[in-house]
Amino acid sequence: MLEVTDVRSGYHGLEIVHELSLTVAPGEIVAIVGANGAGKSTTLKTIVGEVKRFGGSVVFDGKPVVTGRSFDLARAGLMLVPEHRALFGSLTVEENLQMGTWGKRDRVGFSEEEILDLFPILRERRSQLAETMSGGQQQMLAIARALMGAPRLLMLDEPSTGLSPKLTWEVFHAINAIRERGVSILLVEQNAGQVLELADRAYVMESGSVVLEGTGTELAADERVQSAYLGV
Ligand code: ATP
């Protein structure tokens with residue numbers, strides 16, 4: 001579904017991501033874990049064409065992705081929920097959800113009621129302004145809004161940022177339910193402990209490169225991962 005091959009990218013000519021390759025198969029949850037500044041967000045932004053690629057290729061659904069055309073990509077069903085969530089703060093929950101439908105085209109995805117079943121708190125707060133909600137609720141709204149566009153691959157940048165471990169589990173539980181409906185997931189996390197339990201496969205990034213990859217279970221058992229990311 002997504003094939004990233006030998007991608008190099010960065011800012012102002014400075015290479016941050018080096019020869020990075022990764023894949024996401026249909027129905028998979030794939031995680032990229034790594035410390036602050038390892039280049040995880042830059043990788044996601046490069047995939048959607050927001051950050052310029054210096055080399056390598058990104059292929060989504062058999063079609064090459066062209067840098068600078070993230071608009072087309074959302075229409076093709078690849079959606080990124082950025083770390084800062086990019087909600088419309090002065091609009092209500094319901095209005096934010098409606099804004100999510102623009103790229104949907106004729107794809108069939110979740111109905112609004114199904115999305116609200118995944119995130120019941122949003123149903124209770126349908127008429128509340130997004131900016132007055134807690135961080136966890138805003139994260140749920142950002143994911144819910146992306147689902148309104150019927151994505152086939154959903155990319156999430158640090159969905160646990162600012163959330164307690166309990167709320168993180170709630171969000172991860174919803175992510176798993178989304179995958180069970182056939183949507184592939186690529187997510188980036190510093191919080192390796194919880195995400196390795198969720199992910200089918202994961203990549204560990206250090207200084208802009210993938211240094212390890214494996215199933216979530218394999219990586220959680222790996223001594224290097226345990227000492228660097230799991231505090232063991
Ligand atoms: P974080 O958890 O902090 O988001 P990350 O692994 O996602 O970490 P990136 O945000 O991709 O890391 O940052 C990787 C490197 O790129 C850092 O050195 C950062 O300073 C640099 N960087 C990120 N955004 C920009 C930008 N817009 N202009 C220049 N350099 C940037």
Side-chain angles (χ1 to χ4, degrees), residues 2 4-24 29-58 60 65-71 73 78-87 135-136 138-140 142-143 146 153-165 167-169 171-172 175 184-199 201-214 216 219-220 222 224-231:
L2 179 72
V4 175
T5 311
D6 296 336
V7 157
R8 299 184 294 110
S9 71
Y11 308 91
H12 319 295
L14 177 68
E15 189 171 304
I16 299 282
V17 171
H18 316 291
E19 304 276 322
L20 184 136
S21 297
L22 63 84
T23 59
V24 182
I29 299 182
V30 176
I32 304 174
V33 299
N36 199 349
K40 306 179 299 296
S41 301
T42 303
T43 300
L44 293 190
K45 289 180 193 159
T46 305
I47 292 171
V48 295
E50 208 178 298
V51 168
K52 191 171 159 37
R53 224 186 301 137
F54 304 150
S57 67
V58 177
F60 175 60
V65 174
V66 182
T67 291
R69 303 280 290 276
S70 45
F71 225 61
L73 220 51
L78 193 161
M79 267 163 232
L80 170 63
V81 178
E83 190 175 4
H84 54 84
R85 296 165 192 155
L87 294 170
Q138 289 192 17
Q139 184 60 57
M140 291 178 192
I143 298 173
L153 172 61
L154 185 62
M155 306 206 304
L156 305 164
D157 195 348
E158 307 241 4
S160 77
T161 296
L163 308 192
S164 65
L167 266 178
T168 299
W169 281 127
V171 169
F172 282 7
I175 291 171
S184 309
I185 310 275
L186 175 62
L187 81 168
V188 149
E189 275 289 351
Q190 277 187 58
N191 175 357
Q194 282 176 285
V195 82
L196 289 179
E197 285 192 42
L198 172 75
R201 288 189 305 112
Y203 297 87
V204 178
M205 260 187 102
E206 276 172 18
S207 310
S209 300
V210 168
V211 292
L212 279 174
E213 61 180 280
L219 290 180
D222 187 288
R224 289 162 292 180
V225 174
Q226 289 184 349
S227 64
Y229 303 104
L230 301 177

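Reckoned from all heavy atoms, side chains included, excluding hydrogens, waters and symmetry mates. All ligand and atom numbering here is 1-based and tracks the order in the structure.
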(request) May I ask whether Met205 has any heavy atom positioned less than 4.0 angstrom from an atom of ligand 1? (result)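 No, Met205 has no heavy atom closer than 4.0 Å to ligand 1.
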
(message) In this structure, does ligand 1 have an atom that sits under 4.0 Å from one of the heavy atoms of Lys45?
(response)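 It does not; every heavy atom stays at 4.0 Å or beyond.
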
Which atoms of ligand 1 have any heavy atom of [X] under 4.0 Å away?
| X | result |
| --- | --- |
| Ala35 | 6 (O) |
| Ser41 | 4 (O), 5 (P), 7 (O), 10 (O), 11 (O) |
| Asn36 | 1 (P), 2 (O), 3 (O), 8 (O) |

(request) Specify the protein heavy atom at minimum distance from atom 22 (N) of ligand 1: its residue, its atom name, and the distance to 0.1 Å. (result)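 Nearest neighbour among protein heavy atoms for atom 22 (N) of ligand 1, to 0.1 Å: Tyr11 CE1, 3.3 Å.
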
(request) Do me a favour and list the nearest non-hydrogen protein atom to atom 16 (O) of ligand 1 with residue, atom name and distance? (result)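 Result: Ile16 CD1, 3.4 Å.
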
(message) The criterion is side-chain contact (heavy atoms from CB on, under 4.5 Å); which residues satisfy it with Ser21, sequence neighbours excluded?
(response)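 Listed in chain order: Thr5, Asp6.
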
(request) Test Glu50 against Leu80 for side chain to side chain contact (heavy atoms under 4.5 Å, CB included), laying out the working first. (result) CA-CA 11 Å; Glu50 208 178 298; Leu80 170 63; 4.2 Å; yes

(message) Which residues pass the side-chain hydrogen bond (donor to acceptor under 3.5 Å, both in side chains) test with Gln194, not counting sequence neighbours?
(response)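 In terms of side-chain hydrogen bond (donor to acceptor under 3.5 Å, both in side chains), with neighbours along the sequence ignored, Gln194 is linked to Asn191.
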
(message) Under the side-chain contact (heavy atoms from CB on, under 4.5 Å) test against Ile32, which residue among Asp157, Leu186, Val195 passes?
(response)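 The single option meeting the side-chain contact (heavy atoms from CB on, under 4.5 Å) with Ile32 is Leu186.
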
(message) Looking only at distances, can you tell me whether any N or O atom of Gly39, backbone or side chain, sits closer than 3.5 Å to an N or O atom of ligand 1?
(response)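 Yes: some nitrogen or oxygen of Gly39 is under 3.5 Å from one in ligand 1.
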
(message) Test your reading of the structure: does Gln190 have an N or O sitting under 3.5 Å from an N or O of ligand 1?
(response)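 Between Gln190 and ligand 1 (N or O atoms, distance only) the closest approach is under 3.5 Å.
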
(request) Answer side chain, backbone, both or neither: which part of Thr42 comes under 4.0 Å from ligand 1, heavy atoms only. (result)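 The answer is both, backbone and side chain.
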
